[in-house]
Amino acid sequence: MVQQIPVSAFDAPSTRRRLLRNMGVAAGAAILAPSIVRAQAKSGGPVAPPSTVTQPPRDFSANGAPTTYFTDPDVLTVEPAFDGLRQPNAPIQRLWTGALWSEGPAWNSVGRFLVWSDIPNNRQLRYLEDDGHVSVFRMPSNNSNGNTFDYAGRQLSCEHLTRRVVRYELDGSTTIIAAMYNGKRLNSPNDVVPHTDGSYWFTDPPYGAQFYEGTVDAAGGPANKAGRLNSRLGQPPELGSYKRELPTAVYRVDKGGAITQVVGEDQVPDPNGICFSPDFKKLYVISTGQGPGDTGAGGKGDMYVFDVGSDNKLSKGKLFSDFMVDGVKCGPDGVRADVDGNLWCSSNAGRAVGYSGVTVWTPQGQLIGRIRLPEICGNVCFGGPKRNRLFMAASQSLYAVYTGTQGAAPG
């Protein structure tokens with residue numbers, strides 16, 4: 001059983017830990033009482049930033065006080081249309097904590113488990129629904145980021161270190177879905193979604209070209225121009241020799257393995273999260289911030305939408321939203337659609353307390369709801385036997401909340 005560690009936004013000094021113990025509060029509690037915070041501010045001591053703006057401050061640990069008496073105070077209706085999507089009496093739950101950077105949650109319907117990536121720790125983790133047990137699912141994972149399950153129940157993973165997309169077959173073997181385009185190595189595939197026609201669509205930004213989430217380019221590459229960094233340290237002998245060769249882009253791999261570029265860097269720089277509308281007539285692509293070795297402007301933390309033609313070509317690309325909420329940039333990373341076409345997007349609001357978590361939008365681009373988390377959220381997916389539970393991979397932790405709707409796609 002994995003220990004449930006209370007959320008803490010800072011490393012408390014020993015004097016404060018003694019104070020908390022004397023007050024009967026467990027060491028490492030997520031939120032200090034307002035009176036303590038004020039007292040520390042007056043004395044010039046360290047002040048803990050709150051994890052959310054919930055009042056009274058909430059504790060996400062297993063021993064935290066109940067927060068939900070009808071609707072969770074951190075599941076917020078912005079427009080009435082969201083009322084039918086939020087689930088009364090359903091609390092946000094922190095299921096586990098202990099990662100370095102959580103990403104790529106994907107739900108396995110047959111096994112009734114969630115798999116997600118802990119990129120810096122080079123592993124995939126698995127959450128079992130039956131008893132809440134979390135264990136290492138795959139290690140090393142080649143610093144995998146995005147994961148999904150296709151319509152045949154096979155897992156796909158985007159690997160930063162090897163700069164490829166792979167599929168884990170039902171017999172236990174592994175197939176390389178994409179590693180090259182026009183004879184050049186991919187950058188670091190980030191997120192992948194399946195299509196009912198058997199194709200896979202994935203994004204290829206440069207974020208894996210760093211030690212923390214993969215490895216830098218070989219000497220002379222954009223992420224290692226001076227060549228002073230050793231890209232092979234800590235890597236198997238066959239890895240560490242790649243250099244960035246391609247602009248960022250979005251690709252489609254058909255059933256026969258042919259790879260086509262469907263979105264160029266001029267349309268969506270540094271593409272990240274990706275998903276289809278429920279009818280597959282729209283494709284949504286998130287553009288995140290500038291990545292390692294970028295020579296251009298990089299992304300601006302927004303999302304674009306394209307029409308998908310019968311020939312799988314995209315048209316009428318336009319900005320879906322700039323993700324400014326109350327004057328705060330709620331930068332998106334991952335996205336999933338529900339059965340009505342609403343978009344559930346992870347939110348990175350930096351130090352803007354109360355705005356990291358999830359934002360929910362209509363297909364027309366109207367913000368209708370928000371979910372506040374005490375950590376930056378990297379990606380989301382729908383899961384559970386009824387596919388009505390939203391899983392949120394957020395920084396070091398995994399959160400979940402039941403909803404009043406269902407995800408539109410598997411995994």
Side-chain angles (χ1 to χ4, degrees), residues 4-12 16 19-20 23-41 46-80 82-83 85-97 102 323-333 344-361 367-378 380 389-404:
Q4 299 299 304
I5 305 171
V7 174
S8 178
F10 61 108
D11 185 13
R16 181 160 48 77
L19 174 62
L20 290 175
M23 295 180 65
V25 181
I31 306 299
L32 294 176
S35 59
I36 300 175
V37 174
R38 287 194 296 269
Q40 287 185 338
V47 177
S51 61
T52 69
V53 293
T54 312
Q55 293 297 331
R58 74 185 288 169
D59 180 357
F60 278 98
S61 70
N63 298 321
T67 60
T68 303
Y69 303 97
F70 186 67
T71 53
D72 192 293
D74 288 308
V75 181
L76 308 177
T77 291
V78 177
E79 295 291 340
F82 188 64
D83 287 335
L85 303 179
R86 59 188 297 188
Q87 178 59 50
N89 297 327
I92 301 171
Q93 297 173 294
R94 189 183 63 180
L95 304 178
W96 182 86
T97 190
S102 294
F323 287 81
M324 292 297 297
V325 179
D326 300 336
V328 175
K329 186 70 167 182
C330 295
D333 191 326
W344 300 65
C345 304
S346 65
S347 173
N348 176 353
R351 297 184 180 276
V353 174
Y355 286 87
S356 285
V358 176
T359 57
V360 186
W361 309 75
L367 177 70
I368 56 174
R370 294 199 294 118
I371 300 173
R372 297 189 298 208
L373 295 179
E375 302 178 68
I376 291 169
C377 188
V380 301
R389 195 179 192 188
L390 184 72
F391 290 92
M392 298 163 280
S395 296
Q396 290 130 37
S397 308
L398 177 68
Y399 296 85
V401 65
Y402 284 97
T403 73

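Just so it is clear, the model here is predicted, and its values are computed rather than measured.
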* side chain to side chain donor-acceptor pair (under 3.5 Å) partners for Ser395, two or more places apart ->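 By the side chain to side chain donor-acceptor pair (under 3.5 Å) rule, Ser395 matches no residue at all.
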
* Determine, stepwise, if the pair Arg58 / Asp72 fulfils salt bridge (charged side-chain N to carboxylate O under 4.0 Å, His left out). => CA-CA 11 Å; Arg58 74 185 288 169; Asp72 192 293; 2.8 Å; yes

* Asked: Can you check whether Ile92 reaches Phe60 side chain to side chain, under 4.5 Å on heavy atoms?
  -> yes

How close do [X] and [Y] get, counting heavy atoms only, and between which atoms?
| X | Y | answer |
| --- | --- | --- |
| Leu95 | Ala400 | CD1-CB, 3.7 Å |
| Asp333 | Cys377 | CB-O, 4.5 Å |
| Glu375 | Gln396 | OE1-N, 3.0 Å |

Quiz question: by atom type and distance under 3.5 Å, do the side chains of [X] and [Y] form a donor-acceptor pair?
| X | Y | answer |
| --- | --- | --- |
| Ser61 | Asp59 | yes |
| Arg389 | Gln93 | yes |
| Asp74 | Thr54 | yes |

* **Main-chain N/O of Val75 paired with Arg370 side-chain donor or acceptor, under 3.5 Å** => no

Please tabulate, for the side chains in residues 353-360, all donor-acceptor contacts under 3.5 angstrom to protein atoms that are two or more places apart in sequence or on a different chain.
{"unit_1": "Tyr355", "atom_1": "OH", "unit_2": "Asp326", "atom_2": "OD2", "d": "2.8"}
{"unit_1": "Ser356", "atom_1": "OG", "unit_2": "Ala349", "atom_2": "N", "d": "3.0"}
{"unit_1": "Thr359", "atom_1": "OG1", "unit_2": "Trp361", "atom_2": "NE1", "d": "2.8"}

* side-chain contact (heavy atoms from CB on, under 4.5 Å) partners of Thr403, counting only residues at least two apart -> Trp344, Phe382, Asn388, Leu390, Thr405

